Number of protein chains: 2
Amino acid sequence: MMHSPELLKGTLQTILLKVLKDNGRMYGYEITQRVKELSDERILLTEGALYPTLHKLEAEGMLKTEVVTIGKRVRKYYSLTAEGKSLVKERVNELVDFIKTMSSVLKVEFA
Amino acid sequence: MMHSPELLKGTLQTILLKVLKDNGRMYGYEITQRVKELSDERILLTEGALYPTLHKLEAEGMLKTEVVTIGKRVRKYYSLTAEGKSLVKERVNELVDFIKTMSSVLKVEFA
DNA sequence: TTATATACATAATTCACTTATGTATTAGTC
DNA sequence: GACTAATACATAAGTGAATTATGTATATAA
């Protein structure tokens, strides 16, 4: 991940889950490209963070996968499970709360 | 530090600098209490993070200190140097930018 | 008198990330 | 036809900002 590096810590799961919620079924590389686009090149997910996190969310039952072969190329599509869908809401709410708290502490408007 | 723990990562310097800017000269323990109050009990700075960070900012010339003895008790007051004042602006801007980016990626309003 | 709050400090540990490395296919280009 | 860049996955080693744990000491309230 990139962009004011330290700040991104702890937001990766939230980003992955929310992008999957908004876009449905996606594969890893596709997610990196979508996030890059949505963030105007500011958030560049690194593979070393991306894949382990996807695997972890899958192991926890938040994501389900489907392997599709395109020519000789393998793609692993991820999508949210029912549990994953609740987790998205939780994570996004957490982030919104956090931002509100930071806004009070720093007396800054994030409008 | 506490509260959705991972999200706080990378925000400690920003919090310390901004609170010092807004309140002038403060000592460590006082900062923890002020942040606790401003965050409505949601951000509880831990000493293990607080003191090393204050020392680091001092070593970098961002903060200057003044030791005051109250009875037999020693207090170390911190305040911003000129360099520290520019750093506050930089850090706060970084955070605002980051929040804006997150807002685009997650399609969430932080109002 | 004894627990809690005040006040500082540092060492050991954790863990989400970055960086580095590896494999392989597909598309563009010179 | 050869080479580079983009696509697509994966994992291991290393980093660094935090937490947790520990230590010292004074002041205050029950």
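Nothing here was measured: the structure is a model prediction, and the numbers come from that model. Letters A, B, ... are given to chains in the order of the sequence lines, protein chains preceding strands, and every chain is numbered from 1.
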Options D/dA8, D/dT11, C/dA16, nucleotide nearest the side-chain atoms of A/Tyr27
D/dA8

Side chain of B/Thr46: nearest nucleotide among C/dA7, D/dT19, C/dT19?
D/dT19

Expressed in angstrom and rounded to an integer, what is the separation of [X] atom [atom1] from [N] atom [atom2]?
X: A/Lys9; N: D/dA18; atom1: NZ; atom2: P; value: 9 Å
X: B/Ile15; N: D/dA17; atom1: CD1; atom2: P; value: 15 Å
X: A/Ile43; N: C/dT18; atom1: CD1; atom2: P; value: 11 Å
X: A/Gln33; N: D/dC9; atom1: CD; atom2: C1'; value: 14 Å
X: B/Met26; N: C/dA7; atom1: CE; atom2: P; value: 12 Å
X: B/Leu50; N: D/dA17; atom1: CG; atom2: P; value: 15 Å
X: B/Leu12; N: D/dT19; atom1: CG; atom2: C1'; value: 12 Å
X: A/Leu7; N: C/dA16; atom1: CG; atom2: C1'; value: 14 Å

Can a donor-acceptor pair under 3.5 Å be found between the side-chain atoms of A/Glu6 and the base atoms of C/dC17?
no

Within 6.0 angstrom of B/Lys36 NZ, more than 12 heavy atoms from elsewhere:
no

Which of these, B/Leu95, B/Thr53, B/Ile43, sits in a side chain to side chain contact (heavy atoms under 4.5 Å, CB included) with B/Ile15?
B/Ile43

Hey, is A/Glu58 close enough to A/Lys64 for a salt bridge, meaning N to O under 4.0 Å?
no

Electrostatic pair B/Arg34-B/Glu30, nearest N-O below 4.0 angstrom:
no

For a quick check of understanding: with a heavy-atom distance under 4.0 Å over all strands, which category does A/Glu47 fall into, base, sugar-phosphate or nothing?
base

Between [X] and [N], is there a contact of a side-chain N or O with OP1 or OP2 at under 4.0 Å?
X: B/Tyr51; N: C/dC8; value: yes
X: B/His55; N: C/dC8; value: no
X: A/Lys76; N: D/dA10; value: yes

Between the protein and nucleotides 26-28 of chain C, are there any N/O to N/O pairs under 3.5 Å, and if so, what are the atom names and distances?
from	atom 1	to	atom 2	distance (Å)
C/dT26	OP1	A/Lys72	N	2.9
C/dT26	O4'	A/Arg73	NH1	3.3

Assert: residue with more 5' nearest nucleotide on DNA chain C, out of B/Leu54 and A/Gly48, is B/Leu54

Enter the distance from B/Phe98:CZ to B/Asn93:CG here, rounded to the nearest 0.5 Å.
15.0 Å

Calculate, to the nearest 0.5 Å, the distance between atoms CD and OG1 belonging to A/Glu6 and B/Thr14 respectively.
10.5 Å

Check whether the side chains of A/Tyr77 and A/Arg25 place a donor and an acceptor atom closer than 3.5 Å, and report yes or no.
no

